[in-house]
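These notes are about the structure you will find just below.
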Protein chains: 2
Amino acid sequence: MSAVSERRERERAQRHQMIITAARELAEAEGWEAVTTRRLADRVEYSQPVLYSHFNGKDAIVSAVALEGFAELADHLRRAREAADDLGQALRAVCGAYLDFASERPALYQAMFVLPTELRFASDETPAPMRACFEEFVSCFRPENKRRGLFAEVFWSALHGITVLSESGRIPAAYQDERVDFLVSQFADAR
Amino acid sequence: MSAVSERRERERAQRHQMIITAARELAEAEGWEAVTTRRLADRVEYSQPVLYSHFNGKDAIVSAVALEGFAELADHLRRAREAADDLGQALRAVCGAYLDFASERPALYQAMFVLPTELRFASDETPAPMRACFEEFVSCFRPENKRRGLFAEVFWSALHGITVLSESGRIPAAYQDERVDFLVSQFADAR
DNA sequence: AAAACTTGTCTAGCGTTGCTAGAATCCGGT
DNA sequence: ACCGGATTCTAGCAACGCTAGACAAGTTTT
């Protein structure tokens with residue numbers, strides 16, 4: 001492989017990342033409904049069809065943004081859990097970190113957990129960052145607990161429910177802390 | 001008001017309902033992405049613009065369908081709760097009824113709890129059927145429990161989380177019953 | 001060095017969407 | 001019989017995701 005084609009491949013990878021970043025920034029600034037292929041093409045200063053030489057379609061771009069989000073969320077959760085002294089505090093810490101993430105980056109959260117996605121969850125092909133996120137929840141339960149996987153799923157589901165219902169205005173923004181306190185307290189004994 | 005204009009008003013109300021019903025049927029048969037204003041107009045055998053003399057836009061139609069759903073869900077939940085012997089079984093019964101509803105009418109559920117809606121939740125103008133749904137959850141907790149409103153919100157959120165994550169394939173379809181059993185057991189002592 | 005081919009990018013356009021302006025039509029009241 | 005107001009339709013706008021085919025740039029072959 002020549003030096004020229006190496007450069008080209010490098011440039012191509014850069015552009016690939018530019019598209020993802022542009023999509024993410026646009027979504028975080030104006031919401032996903034404002035992210036159109038035309039506006040994306042404008043931002044990366046290429047014409048519309050080049051997007052389709054990098055991604056199969058708009059959903060694939062959203063999924064790529066989501067994957068970035070999973071890596072960041074995994075990191076965020078891990079830090080919170082490791083800063084906790086014991087398992088009891090870990091659940092609460094991970095919980096707080098998760099809700100922080102969701103409320104600070106609502107568009108990113110949507111790409112990960114709400115919008116139609118091409119990413120496969122809970123399967124053999126599930127990318128590492130997604131596994132890592134889930135494992136953070138699992139780690140909040142005792143290793144000897146045979147059902148910790150299931151418990152983690154349910155706890156995560158509850159957190160997700162609170163997140164999306166409050167984001168869409170279906171439960172009041174007030175009393176969010178009380179809700180979370182209650183949720184954690186109800187799961188504390190199941191660790 | 002003449003008899004003629006009375007008839008016209010009656011016909012108008014019928015057409016109003018036809019639009020809602022058509023939207024609902026189309027959504028339940030092919031999903032909301034297949035519900036377009038043109039296909040709706042076709043179904044009710046009028047031209048597109050008449051939809052806009054009944055509703056402010058597509059979102060308003062979705063919201064009207066959702067409101068029908070709330071009435072049905074309230075009824076469904078109430079029956080389940082009243083068939084239960086005590087409060088302990090009530091929580092589990094309402095829970096089962098809720099998940100039944102969600103899995104049997106996924107499109108209707110989406111209109112109610114996922115899609116952007118014009119309906120106001122948890123406010124003074126919240127329509128009665130929506131209040132009724134929420135009250136069914138509240139009624140699963142003891143009347144003397146001062147925080148039953150908050151508890152109901154959290155329990156409902158958890159159920160919703162399980163519903164949407166499993167509907168979108170983000171948690172496996174299997175083990176759903178185990179998840180629900182676990183959830184109910186964790187909230188049983190908080191009644 | 002010229003010709004042929006491959007690769008990358010762009011212009012232009014298809015079919016669809018939600019929504020609306022303005023023409024046409026219908027119908028009751030005088 | 002005609003007028004006026006309400007009702008409904010035709011036609012069209014701007015925007016969407018996506019793609020075919022023209023064009024240009026660069027690489028390889030003769």
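Order of the sequence lines sets the chain letters (A, B, ...), proteins ahead of strands, with each chain counted from 1. What you see is a predicted model; the values in this text were computed from it and never measured.
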Check: Rounded to whole angstrom units, what separation is found between the CG atom of A:Leu40 and the C1' atom of D:dC18?
Finding: 14 Å

Note to self: Tell me every residue that passes ring-ring contact (aromatic ring centres under 6.0 Å, His included) with A:Phe182, counting only those two or more places apart in sequence or in another chain.
What the structure shows: B:Phe151, B:Phe187

Check: In this structure, are over 12 heavy atoms from other groups packed under 6.0 Å from A:Asn145 atom CG?
Finding: yes

Item checked: Atom pair distance, as rounded to whole Å: CD in B:Glu11 and P in D:dA6 -> 18 Å

Show me, pair by pair, the donor-acceptor contacts under 3.5 angstrom made by side chains of residues 83-91 of chain B, not counting sequence neighbours?
| residue | atom | partner | partner atom | Å |
| --- | --- | --- | --- | --- |
| B:Asp86 | OD1 | B:Gly88 | N | 3.3 |
| B:Asp86 | OD1 | B:Gln89 | N | 2.9 |

Item checked: B:Arg38 side chain to B:Thr36 side chain, donor-acceptor N/O pair below 3.5 angstrom -> no

Item checked: Five-pair end axes of the helix from C:dA1-D:dT30 to C:dT30-D:dA1, angle between them (10°) -> 30°

Notebook entry, point to check: What are the residues of residues 42-52 of chain B, sorted by number, that bring a heavy atom to within less than 4.0 Å of DNA chain D?
Noted result: B:Tyr46, B:Ser47, B:Pro49, B:Val50

Checklist line | Positive for ring-ring contact (aromatic ring centres under 6.0 Å, His included) with B:Tyr109, one of B:Tyr98, B:Trp32, B:Phe101 | finding: B:Tyr98

Check: Should A:Arg15 be listed as having a side-chain N or O under 4.0 Å from OP1 or OP2 of C:dT9?
Finding: yes

Notebook entry, point to check: Rounded to whole angstrom units, what separation is found between the CZ atom of B:Arg39 and the C1' atom of C:dG15?
Noted result: 15 Å

Next item on the list: Mind calculating the distance between CZ (B:Arg38) and P (D:dG12) to the nearest angstrom?
Entry: 13 Å

Checklist line | Between D:dG17 (P) and A:Ile61 (CD1): distance, integer Å | finding: 9 Å

Margin query: Counting only heavy atoms and a strict 4.0 angstrom limit, can you tell me which residues of residues 18-33 of chain A come near DNA chain D?
Written below: none

Next item on the list: Applying side-chain contact (heavy atoms from CB on, under 4.5 Å), run through B:Arg78 and B:Glu135 and close with a yes or a no.
Entry: CA-CA 9 Å; B:Arg78 192 180 45 75; B:Glu135 282 309 314; over 6 Å; no

Please set out all donor-acceptor pairs under 3.5 angstrom arising from side-chain atoms of residues 45-53 of chain A, sequence neighbours excluded.
| residue | atom | partner | partner atom | Å |
| --- | --- | --- | --- | --- |
| A:Gln48 | NE2 | A:Thr37 | OG1 | 2.7 |
| A:Ser53 | OG | A:Val50 | O | 2.8 |

Notebook entry, point to check: Quick one: does A:Arg170's side chain have a donor or acceptor within less than 3.5 Å of a partner on A:Val164's backbone?
Noted result: no

Next item on the list: Tell me, yes or no, whether the heavy-atom count around B:Asp100 atom CG, taken from other residues, nucleotides or ligands under 6.0 Å, exceeds 12.
Entry: yes

Item checked: Polar side chain donor-acceptor pair, A:Gln17 to A:Thr21, under 3.5 angstrom -> yes

Check: Is the number of heavy atoms from other residues, nucleotides or ligands within 6.0 Å of OH (A:Tyr175) greater than 12?
Finding: no

